Amino acid sequence: MQKTSKYVKQFYPVKNPKRKWADKISIERAPTWCSVDLRDGNQSLIVPMSLQEKLDFFNLLVKVGFKEIEVGFPAASETEYTFLRMLIDNDMIPDDVTVQVLTQSREHIIRKTFDALKGCKNAIIHLYNSTSLAQREQVFKKSKEEIIKIATDGAKLFEKIAKETGTNYRYEYSPESFTGTEPEFALEICNAVLDVWKPTKDRKAIINLPVTVELSSPHVYADQVEFMCDNLKYRDAIEVSLHPHNDRGCAVADSELGLLAGADRIEGTLFGNGERTGNVDIITLALNMYSQGVEPNLDFTNMPEIAELYEKVTRMQVYDRQPYAGKLVFAAFSGSHQDAIAKGMKWREEKKLSTWTVPYLPIDPNDVGREYETDVIRINSQSGKGGIGYLLEHNFGYVLPAKMREDVGYTVKSVSDHAHAELSPKQVLQVFNDTYVNINDHIKLIDYHFKRNGEITVSLTVEIDGKQKELTATGNGRFEAISNAVKKQLDIEFSELTYEEHAITKGSSSQAISYVSITMPDGKVVWGAGIHDDIIASSINALFSAINRGTKS
């Protein structure tokens, strides 16, 4: 990377910026949202959407809650024109939704755009021309005055055709390549357009400040936005809109700082689809606000459904690590992360908290239609005892003793490590059951009976290597009686028996699970578990599971 000398700054910072935005802590309310998925997003696709696909996407955007949707560039192609007419002629646009259309500042294009809108109840006509120094010099080869004339001629034609047709649509103007335009010139051309339109509070105009190409750090853009907000004419009769692209990967930051700098409106796309590196991802931006307690006025409660339709009609893929929406964004594989999440969830449940402060999870996955069971704790060779224990408890109702969790954790991780694969919750359960529950592969318990006469006497029938044996012994309790019988008559030594049990809280509520640990002569602690409809039977099964595991060669 030794050719940096050929790159020069192509942006124009504001001189002596006031930076009132820098003193603001957070965004306090959601902006007006305008989806440009069907125009900016669609034109960037390798295979643009068909009419039916555009309609499906339009209906999704309406369902999510967008009140402004840019549906296309109707003068640019027959498909775009036909789609707009289909929406209007079939009364498919809800009364509270405004469609937006794009047009260059050229008379025949503007006239065809108005023609395409005949009969539309609510519309925004979006006029643009490029204003950057690079575009003026290299593409159009025109002076500032000539560039202003292009914009104002288009604005005047809007007014003329509106009088001819009796329409009262709202207008939007974009100085395209705003980020490469001198701030003073951007202000001059926008004010010239506004002087033509003379917007009012009842019929506001939109001044859109596009990051057509990201050329600077987000704070420079915020300064530019604040400069425009402070100096635009008719400020109480206009909405200042932002349209950030993501060339430097800062579109969300540009948008958030731009809103702090005074902007009112955001144009963007779902999942950030768009030219080159894309537009600002409205999902990320909206849910960033949501995570700070700001109602975004958009409904992303069924993110899997939204992602599925998006992938179907765009033939694009939602990246697994896409903020809030990717399949792995709530997943914790790391043992320490899993442990913190599990403890955070338990803390929240115990304290009956209404606020969300769970470590590593900025929002509740359930709020966007994701499941704890399959999306949060993910098990592989990097997982820890806390996550595996949480998964068994949350999914299947097995509340493992704290000391048993470590043993189970190593067992499950070993299976994942050898398979070089992630384990699903059902696979984890299978490993646990196969390894610890009702194990009778060496000493098989056939039958047992207890008698109490001061002490407890047990009579056991077991099968070892295909041969049955009758065992009997006494003790102060059932476990002691069984332990004495096994130790004395099968010559098996163990000590320090521990025991816990509970009803299974998921699935069959009539079953109980018991956990037993014993310490073998070499000091190794061995765990076993038992499941049965009867709590006593489950505890005895757990003890024999531990004995069988401890005596394996």
Side-chain angles (χ1 to χ4, degrees), residues 21 24 26-41 61-62 64-71 96-103 122-128 169-176 178-179 186-187 190-191 193-194 197 199-212 218 221-222 224-246 251-270 272 274 278-290 294-298:
W21 61 265
K24 297 177 182 178
S26 61
I27 297 166
E28 295 182 352
R29 65 179 182 277
T32 300
W33 302 106
C34 178
S35 161
V36 295
D37 289 270
L38 299 176
R39 198 275 304 169
D40 201 341
L61 294 170
V62 170
V64 166
F66 284 97
K67 301 305 179 185
E68 295 181 5
I69 301 172
E70 190 166 84
V71 295
D96 62 346
V97 172
T98 298
V99 293
Q100 179 171 303
V101 292
L102 187 69
T103 179
N122 301 303
I124 295 168
I125 306 179
H126 183 182
L127 175 72
Y128 77 96
Y169 300 133
R170 292 181 63 200
Y171 301 148
E172 175 176 351
Y173 174 68
S174 286
E176 191 202 4
F178 167 77
T179 46
L187 179 67
C190 288
N191 278 335
V193 169
L194 290 172
W197 287 340
T200 65
K201 290 183 180 179
D202 294 330
R203 184 168 171 258
K204 290 185 176 183
I206 299 167
I207 293 296
N208 189 49
L209 306 176
V211 184
T212 308
Y221 181 58
Q224 295 166 337
V225 172
E226 187 173 81
F227 171 79
M228 297 294 285
C229 288
D230 287 348
N231 293 284
L232 281 166
K233 294 182 179 180
Y234 312 94
R235 183 63 184 95
D236 61 348
I238 63 172
E239 279 188 292
V240 174
S241 177
L242 310 179
H243 184 114
H245 280 248
N246 200 40
V252 169
D254 286 335
S255 300
E256 292 189 342
L257 295 190
L259 289 172
L260 292 179
D264 311 295
R265 182 176 183 269
I266 293 288
E267 294 186 348
T269 59
L270 301 186
N279 292 278
V280 64
D281 176 13
I282 285 182
I283 292 174
T284 299
L285 192 55
L287 291 177
N288 280 356
M289 297 177 194
Y290 179 73
V294 176
E295 172 54 56
N297 300 321
L298 294 173

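Just so it is clear, the values below take in all heavy atoms, side chains as well, and ignore hydrogens, waters and symmetry mates. Keep in mind that this is a model prediction, so the values were computed, not measured.
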Spatial distance of atom CG (Leu127) from atom CG (Leu102) [nearest 0.5 Å]: 8.5 Å
Counterpart residues, salt bridge (charged side-chain N to carboxylate O under 4.0 Å, His left out), relative to Glu70 (two or more places apart): Arg39
Partner residues of Trp197 under the side-chain hydrogen bond (donor to acceptor under 3.5 Å, both in side chains) criterion, sequence neighbours left out: none
Side chain Gln100, main chain Cys34, donor-acceptor under 3.5 Å: no
Validation row: Pro210, Pro244 side chains within 4.5 angstrom (heavy atoms): no
Listed partners of Asn288 passing side-chain hydrogen bond (donor to acceptor under 3.5 Å, both in side chains), at least two apart: Glu256, Tyr324
Ile206 versus Ser241, closest heavy-atom pair with distance: CG2-CB, 3.6 Å
Pairing residues for Phe178 by the ring-ring contact (aromatic ring centres under 6.0 Å, His included) criterion, not counting sequence neighbours: none
From CD (Glu68) to CD1 (Ile266), nearest 0.5 Å: 12.0 Å
Test side-chain hydrogen bond (donor to acceptor under 3.5 Å, both in side chains) applied to Tyr128 - qualifying residues, sequence neighbours left out: Gln104
Residues which pass side chain to side chain contact (heavy atoms under 4.5 Å, CB included) with Asp202, listed by chain and number, not counting sequence neighbours: Thr200
Worked check of side-chain contact (heavy atoms from CB on, under 4.5 Å) between Tyr221 and Leu257: CA-CA 8 Å; Tyr221 181 58; Leu257 295 190; over 6 Å; no
Pair Arg265 + Glu267: basic N to acidic O under 4.0 Å: yes
Distance in Å, Leu287 CG paired with Asp281 CG, rounded so as to fall on 0.5 Å steps: 8.5 Å
Side-chain heavy atoms of Tyr171 within contact of Val193, under 4.5 Å: no
Under the side chain to side chain contact (heavy atoms under 4.5 Å, CB included) test, residues paired with Ser35 that sit two or more places apart: Asp37, Leu61, Phe66
ring-ring contact (aromatic ring centres under 6.0 Å, His included) involving His245 - partner list, sequence neighbours excluded: His243
CD1 on Ile207 to CG on Leu242, rounded to 0.5 Å: 12.5 Å
Contact summary for Thr179 and Thr212, nearest pair of heavy atoms: OG1-N, 4.1 Å
Any residue meeting side chain to side chain contact (heavy atoms under 4.5 Å, CB included) with Arg29, in chain and number order, not counting sequence neighbours: none
Heavy-atom closest contact (Lys201 atom, Ala237 atom, distance): N-CB, 3.8 Å
Any donor-acceptor pair under 3.5 Å from Asp264 side chain to Glu239 backbone: no
Side-chain heavy-atom pair Val101, Val71 within 4.5 angstrom cut-off: yes
Close side-chain approach of Val240 to Met228, heavy-atom, < 4.5 Å: no
Interatomic distance, Leu285 atom CG to Ile283 atom CD1 [nearest 0.5 angstrom]: 11.0 Å
Validation row: Val36, His126 side chains within 4.5 angstrom (heavy atoms): no
CG on Leu232 to CD1 on Ile238, rounded to 0.5 Å: 4.5 Å
Tyr290 atom OH, over 12 foreign heavy atoms within 6.0 Å: no
Set of side-chain hydrogen bond (donor to acceptor under 3.5 Å, both in side chains) partners for Lys204, sequence neighbours left out: none
Closest heavy-atom pair and its distance - Ala286, Leu298: CB-CD1, 4.4 Å
From CA spacing to verdict: side-chain hydrogen bond (donor to acceptor under 3.5 Å, both in side chains), Asn208, Ser174: CA-CA 5 Å; Asn208 189 49; Ser174 286; 2.9 Å; yes
4.5 Å side-chain heavy-atom contact, Asn122 and Val97: no
Set of salt bridge (charged side-chain N to carboxylate O under 4.0 Å, His left out) partners for Lys233, sequence neighbours left out: Asp195
Gly258 versus Val225, closest heavy-atom pair with distance: O-CG1, 3.6 Å
Smallest separation among heavy atoms of Ala222 and Ala261, with atom names: O-CB, 3.4 Å
Test ring-ring contact (aromatic ring centres under 6.0 Å, His included) applied to Trp33 - qualifying residues, sequence neighbours left out: none
